[in-house]
> 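To start, I am sharing the structure in question, which I have written as structure tokens.
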There are 2 protein chains.
Amino acid sequence: MADIKPSTPSLFLREEELRKGTELLYFAYRDFIAEPDDALRKYGFGRAHHRVLHFVARRPGLSVADLLDLLSITKQSLSRVLGTLVGQGYVRQEKGTRDRRQRLLYLTEKGSALEAELAAIQRRRMARAYREAGADAVAGFWRVLAGLIDESRREEIERFVNEA
Amino acid sequence: MADIKPSTPSLFLREEELRKGTELLYFAYRDFIAEPDDALRKYGFGRAHHRVLHFVARRPGLSVADLLDLLSITKQSLSRVLGTLVGQGYVRQEKGTRDRRQRLLYLTEKGSALEAELAAIQRRRMARAYREAGADAVAGFWRVLAGLIDESRREEIERFVNEA
DNA sequence: GGTTTTATGTCAGCCATATTGACTTATTTA
DNA sequence: TAAATAAGTCAATATGGCTGACATAAAACC
């Protein structure tokens, strides 16, 4: 076992570079999420509520099943969060016209306002990072992040994030 | 309020670009963390244990206070996790020689083995993303991530991730 | 038209990870 | 010697996941 060192395939694939990416991803994600978390606490909500608000804002009229698929959680986990948001008038549910079993999700005005508040917080931080890093860096940021996504869902997710 | 649109300062700072970064960060982080989470479940551990193993591996002999600072959690939260790791022989605590109040943390052989297993999983995924994206993209990835970190801790974190 | 599948919801219980607050012990520093 | 610091502990609470079992309504199948 001794003396066998892994060959160094190329400069940016060395262990240190990979570790650096892992650590930066951890620290960046943590700080990025912390600010909206604080804002959410004022409403008695958590980040799970934020995710629902975000995706409903992004895809008004999406079904519960589609939301579950995006979030990759169980319906039981979603139910409490979604129930609260509906109960407190942030999200509205409408029966599907094509398939009346579906409950299509929409933000109310109140929901839109909260979502906008949270989105503004994240846009501010993301904009600062983009501005400091520059347009080329941003393109690289996207490319690497996309590469971290599970191969099986990669195309679907890329289509989603690129859609208007 | 009507008709006032935010001026578009530059192409890569438009709302859509900022949203795209936010969403990719969410999806990428989620998938990146899922694989080690699975491996950890075999040992009855969670990602909190992983973080401890990672940072102790990175800074053998770091103090509990330093670890708390890196993790940004309370000592009560750390205590259970660290207690388990110490109790099951993954982490070893040694009294500091300079300051004997300190409990300096080290991985045991068992701890090193587990940490290496987890690190290999993450390296594999990060390497795939780096390879597909290319070296320039990786540099951009780092720059944007660094920009997302709280300004107050930014320098400290950058120093940390860049240190050998 | 009857059966099966699907979309959604709900109840109950469990687990992991975080929090706050109060208090203890050992050791260092002033 | 008194005060501050490093670490640990007890107790209570919140959040966000999970599994399993079951219910209802509507659509799809044959």
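To find a chain, count down the sequence lines: A is the first, B the second, and so on, and within it residues start at 1. Hydrogens, waters and symmetry mates are skipped; everything else that's a heavy atom, side chains included, is used.
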> Going 5' to 3' through nucleotides 2-14 of chain D, assign each nucleotide B (protein heavy atom under 4.0 Å from a base atom), S (under 4.0 Å only from sugar-phosphate atoms) or - (no protein heavy atom that close).
---BSBBBB----
> Taking the basic N atoms (NZ, or NE/NH1/NH2) and the acidic carboxylate oxygens, is any pair closer than 4.0 Å for B:E94 and B:R92?
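Salt bridge present between B:E94 and B:R92.
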> Going by side-chain hydrogen bond (donor to acceptor under 3.5 Å, both in side chains), name the residues that satisfy it together with B:H50, two or more places apart in sequence or in a different chain.
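With neighbours one apart ignored, the set is empty.
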> Are the side chain of B:R51 and the backbone of B:L71 linked by a donor-acceptor contact shorter than 3.5 Å?
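Side chain of B:R51 to backbone of B:L71: no pair is present.
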> Residues in side-chain hydrogen bond (donor to acceptor under 3.5 Å, both in side chains) with A:K42, at least two apart?
A:E117
> Evaluate the ring planes of B:F55 and A:Y26, with Trp represented by its six-membered ring, and classify them as parallel (under 30°), tilted (30 to 60°) or perpendicular (over 60°).
tilted
> Does a side-chain N or O from A:T74 land closer than 4.0 Å to OP1 or OP2 of D:dC18, or not?
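Yes, such a contact exists.
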> For A:S112, check side-chain hydrogen bond (donor to acceptor under 3.5 Å, both in side chains) against everything at least two apart and list the hits.
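Scan of A:S112 (side-chain hydrogen bond (donor to acceptor under 3.5 Å, both in side chains), adjacent residues dropped) gives none.
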> Using a heavy-atom cut-off of 4.0 Å to chain A, what are the terminal contacting nucleotides of DNA chain C, in 5' to 3' order?
C:dT6 to C:dC11
> Among residues 21-35 of chain A, which residues get a heavy atom nearer than 4.0 Å to DNA chain D?
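Within residues 21-35 of chain A, no residue comes under 4.0 Å of DNA chain D.
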> How long is the line joining CG of A:L71 and C1' of D:dG16, in whole Å?
12 Å
> With side chains defined as the heavy atoms from C-beta onward, is the minimum distance between A:R19 and B:R123 less than 4.5 Å?
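The answer is no; the side chains never approach within 4.5 Å.
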> Tell me what B:S72 touches on the nucleic acid: a base, only sugar-phosphate, or nothing, going by heavy atoms under 4.0 Å.
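Sugar-phosphate: the residue B:S72, judged by heavy atoms under 4.0 Å, touches backbone atoms but no base.
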> Please, which pairs that meet salt bridge (charged side-chain N to carboxylate O under 4.0 Å, His left out) have at least one residue in residues 102-112 of chain A, sequence neighbours excluded?
none
> Specify the angle, to 10°, made by the local axes at the two ends of the helix from C:dG1-D:dC30 to C:dA30-D:dT1 when five pairs are taken at each end.
30°
> Specify the residue among A:A48 and A:R98 whose closest nucleotide of DNA chain D lies further upstream toward the 5′ end.
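Its nearest nucleotide being more 5', the pick is A:A48.
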> Does B:R100 have any side-chain hydrogen bond (donor to acceptor under 3.5 Å, both in side chains) partners at least two apart in sequence or in another chain, and if so, which?
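Not a single residue meets the side-chain hydrogen bond (donor to acceptor under 3.5 Å, both in side chains) criterion with B:R100.
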> Hey, can you tell me if A:Y29 and B:Y29 have their rings parallel, tilted or perpendicular (30° and 60° cut-offs)?
parallel
> Can you tell me which residue pairs pass the salt bridge (charged side-chain N to carboxylate O under 4.0 Å, His left out) test with a partner in residues 66-87 of chain B, sequence neighbours excluded?
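For residues 66-87 of chain B, and leaving out neighbouring residues, the salt bridge (charged side-chain N to carboxylate O under 4.0 Å, His left out) pairs sorted by first residue read B:D69-B:R153.
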> If you look at every strand shown and take non-hydrogen atoms under 4.0 Å, does A:H50 touch a base, only sugar-phosphate, or nothing?
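The residue A:H50 makes no contact with any strand.
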> Not counting sequence neighbours, list each pair that qualifies as a ring-ring contact (aromatic ring centres under 6.0 Å, His included) and has a residue in residues 89-120 of chain B.
B:F45-B:Y90
> Between D:dA26 atom C1' and A:K95 atom NZ, what is the distance in whole Å?
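A:K95 atom NZ is separated from D:dA26 atom C1' by 9 Å.
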> Remember a base hit wins even if backbone is also touched, and classify B:R41 as base, sugar-phosphate or nothing at under 4.0 Å, heavy atoms.
nothing
> Please tabulate, for the side chains in residues 157-164 of chain B, all donor-acceptor contacts under 3.5 angstrom to protein atoms that are two or more places apart in sequence or on a different chain.
residue: B:N162; atom: OD1; partner: A:K20; partner atom: NZ; Å: 2.8
residue: B:N162; atom: ND2; partner: B:E158; partner atom: O; Å: 2.8
residue: B:E163; atom: OE1; partner: B:R59; partner atom: NH2; Å: 2.5

> Just call it for A:R47: base, sugar-phosphate, or nothing, with non-hydrogen atoms closer than 4.0 Å on any strand.
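Sugar-phosphate only.
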